[in-house]
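The structure appears below as structure tokens.
Throughout, residue positions are numbered sequentially from 1 according to the sequence presented. Counting starts at 1 for both ligands and their atoms, in listed order.
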Amino acid sequence: MMAHRFSKLSSGTMDSFIMGLVEVAARPGMISFATGLPDNSLFDVDGLAKASCDVLRDMGGGALQYDTAAGYIPLRERIAARCSKELGFKASWEDVILTNGSQECFDLIARMFLEPGDRMAVENPGYLGAIQSFSAYGPEFTGIDMGPEGADAGQLREAISGGAKLFYSIPNHQNPSGNSYSDAVRRDVAAAVEGSGCLLIEDDAYGELGYRGRAGKTMKSMAPEDTVLTGSFSKTISPGMRIGWMVVPEWMRAQAGKSLEAMSLQSGSFCQKVVDRFLQEHDYDAYLWELRKAYLAKKEFFLDAMEDCLPDSMEWNDPQGGMFVWLKSPEGTEAMRIFDAALERKLVVMPGKPFHVRGGGNTLRLNFATPSEDQIREGMKALGAACRVILG
Ligand SMILES: Cc1ncc(COP(=O)(O)O)c(C=O)c1O
């Protein structure tokens with residue numbers, strides 16, 4: 001048979017580690033703190049069933065038709081209005097491009113801006129799924145250390161001086177660390193990118209899941225011409241419906257629409273109509289407060305279980321939103337060994353190292369949103385035992 005050769009760029013795409021763990025976590029009897037899935041029981045199944053029926057009844061076949069490349073205009077108007085009301089900047093519906101989950105924005109931005117070998121800055125640790133998507137375009141990554149107050153703006157300035165064209169950041173309840181940027185870091189990062197030629201990608205995937213409201217101002221409101229803000233209904237309404245978006249500066253609109261059309265014609269407009277109808281039929285803010293309350297309660301239950309079960313030498317943070325706790329074993333120890341020991345006890349956790357460009361061997365990411373209280377209780381005992389095996 002003729003040999004078929006994958007392109008250099010496709011075979012150079014990084015492995016994510018995540019999908020492999022989703023499969024392991026799905027095996028019978030496994031408990032998972034590993035993936036980033038929302039809690040099934042918090043999806044509004046009845047509300048979405050009603051919205052779907054209402055759309056089909058009122059729009060008929062039009063509900064099932066192709067739409068414009070950038071998506072269903074009423075939903076884009078709704079997202080633009082929320083930018084003004086909650087995110088601190090004015091956007092027109094034409095600035096809002098609907099995508100197949102916010103994951104598609106990363107591919108779209110990379111295909112618009114990156115040539116192989118271009119420099120790009122990413123948080124260290126940073127969100128692996130997005131970094132995997134960028135990696136398909138062959139950039140050289142520069143890691144910007146991410147601490148409890150956010151990304152190191154000094155390192156970012158250096159990276160920009162060294163030619164970084166993009167900086168990918170998650171200022172709210174970051175995946176993986178759960179940390180958010182302080183106000184000062186937001187200001188510094190916005191000032192660093194403004195007019196610099198480096199485009200900021202501000203990933204707001206968890207911005208609406210701050211337990212006491214939004215964690216801080218958007219950097220898009222501070223450097224609007226140099227920032228693309230990406231958002232998603234995946235963590236609030238449904239990840240399976242795959243509705244994400246990006247809010248682009250006016251100068252990027254036409255190129256973004258053209259690139260999206262070339263890639264997929266458009267993302268799924270039936271689901272866009274259903275979510276638009278759902279938002280018409282519900283008070284979204286009241287809905288979000290219920291969700292935030294439920295995730296806050298889960299986080300507190302999870303942290304109490306950590307306190308009860310984990311050895312004193314383990315350290316973790318107390319995230320103020322989102323779905324993740326960041327766990328550290330003592331400096332110099334290998335958290336991968338905790339991963340292995342936990343797996344033997346039928347618990348899947350996510351090692352932190354794959355989220356890093358450098359370092360991170362002693363870190364683990366734990367998701368408290370997906371497991372039930374019984375699973376948290378049982379899983380945490382397994383995690384405590386796994387830590388003790390390693391720490392002695
Ligand atoms: C930080 C972050 N950004 C983006 C995404 C992609 O989400 P989606 O494509 O479902 O919008 C995820 C998914 O877990 C995420 O954690």
Identify, by atom number and element, the atoms of ligand 1 in contact range of [X], meaning under 4.0 Å from any of its heavy atoms.
X    : value
I170 : 1 (C)
N175 : 1 (C), 15 (C), 16 (O)
R242 : 8 (P), 9 (O), 10 (O)
S234 : 8 (P), 10 (O), 11 (O)
D203 : 1 (C), 2 (C), 3 (N), 4 (C)
G101 : 9 (O), 11 (O)

On the 0 to 90° scale, with breaks at 30° and 60°, tag the F134-F106 ring pair as parallel, tilted or perpendicular. tilted
Determine, stepwise, if the pair T370 / N367 fulfils side-chain hydrogen bond (donor to acceptor under 3.5 Å, both in side chains). CA-CA 7 Å; T370 319; N367 169 9; 2.6 Å; yes
Would Y206 count as being in polar contact with ligand 1, using the rule that some N or O on each side must be under 3.5 angstrom apart?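 Checking ligand 1 against Y206, an N or O pair does fall under 3.5 Å apart.
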Pick whichever of M323, K235, Q174 has a heavy atom sitting closest to atom 14 (O) of ligand 1. K235
Nearest to atom 11 (O) of ligand 1 by heavy atom, G36, G126, P239, S232: which? S232
Quick one: does E123's side chain have a donor or acceptor within less than 3.5 Å of a partner on I144's backbone?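 Checked: no pair found.
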Check: [X] ring centre within less than 6.0 Å of [Y] ring centre:
X    : Y    : answer
Y211 : Y295 : no
F113 : Y137 : no
F33  : F368 : no

What is the nearest protein non-hydrogen atom to atom 5 (C) of ligand 1, stated with its residue, atom name and distance?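 I find the closest protein heavy atom is Y127 CE2, 3.7 Å.
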Please report which non-hydrogen protein atom sits nearest to atom 6 (C) of ligand 1, along with the residue it belongs to and the distance in Å to one decimal place. S102 OG, 3.6 Å
May I ask you to identify, for E104, whether its side chain, its backbone, both or neither come under 4.0 Å of ligand 1 on a heavy-atom basis?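 The answer is neither.
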Co-membership, hydrophobic cluster, residues L200 and Y206, 4.5 Å side-chain: no
Would you kindly confirm whether I160 and V228 end up in one hydrophobic cluster when ILVMFWY residues are joined by side chain heavy atoms under 4.5 Å apart? no
